[in-house]
Amino acid sequence: ALTVPVNLIQTAEDGDFVLLAEKTGAAQATAKKVSVKQGQNYNGMVEIKSGLQKGDWVISTGFQDVNNGETVAF
């Protein structure tokens with residue numbers, strides 16, 4: 001199962017989501033809003049039942065200040 005820290009899950013009118021970084025260059029990416037379905041929550045981690053795949057880069061630093069489609073550096 002895929003898990004992420006529970007604090008990375010954001011909520012909007014259309015449901016829960018996380019922000020992913022989709023690589024666009026050597027040290028740049030574009031933020032992408034991805035809807036997720038939560039599963040079990042344990043010890044600060046939440047199971048993601050759908051929406052994420054192995055290898056996705058979830059934005060975990062500064063995610064509250066990033067909007068869908070913005071360029072991010074890593």
Side-chain angles (χ1 to χ4, degrees):
L2 296 173
T3 60
V4 298
V6 69
N7 65 320
L8 298 184
I9 307 283
Q10 299 183 61
T11 303
E13 290 180 9
D14 56 349
D16 297 333
F17 69 95
V18 296
L19 289 170
L20 299 183
E22 289 192 323
K23 194 171 182 178
T24 57
Q28 284 190 330
T30 301
K32 179 181 177 187
K33 179 180 173 180
V34 176
S35 296
V36 294
K37 182 177 178 185
Q38 296 185 51
Q40 297 293 319
N41 184 331
Y42 177 74
N43 203 23
M45 300 295 285
V46 64
E47 173 189 19
I48 302 299
K49 291 191 168 260
S50 66
L52 293 181
Q53 298 178 13
K54 183 178 179 179
D56 283 345
W57 292 11
V58 178
I59 298 174
S60 61
T61 302
F63 64 92
Q64 291 140 328
D65 298 323
V66 176
N67 295 309
N68 190 37
E70 286 186 338
T71 300
V72 294
F74 56 93

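What you see is a predicted model; the values in this text were computed from it and never measured.
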- Please assess Gln38 against Asp16 for the test side-chain contact (heavy atoms from CB on, under 4.5 Å), listing each intermediate value before the final yes or no. CA-CA 8 Å; Gln38 296 185 51; Asp16 297 333; 2.8 Å; yes
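- Here the closest heavy-atom approach between residue Thr30 and residue Gly69 is recorded as CG2-O, 3.6 Å.
- The shortest side-chain heavy-atom distance between Val58 and Leu19 does not fall under the 4.5 Å cut-off.
- Listed by first and then second residue, the salt bridge (Lys or Arg N to Asp or Glu O under 4.0 Å) pairs that reach into residues 23-38 are Asp14-Lys33, Glu22-Lys32, sequence neighbours excluded.
- Counting heavy atoms from C-beta outward, Leu52 and Val36 have side chains that approach closer than 4.5 Å.
- Residues Val4 and Ile9 are in side-chain contact: their nearest non-hydrogen atoms beyond the backbone lie under 4.5 Å apart.
- When the side-chain contact (heavy atoms from CB on, under 4.5 Å) test is applied to Ala29, the partners found at least two apart in sequence or on another chain are Ala21, Val72, Phe74.
- Under the 3.5 Å distance criterion, with hydrogens and angles disregarded, no donor-acceptor pair is assigned to the side chains of Glu47 and Asn41.
- Residues Thr61 and Ile59 are not in side-chain contact: their nearest non-hydrogen atoms beyond the backbone lie 4.5 Å or more apart.
- Residue pairs meeting the salt bridge (Lys or Arg N to Asp or Glu O under 4.0 Å) criterion with at least one member in residues 52-72: none, sequence neighbours excluded.
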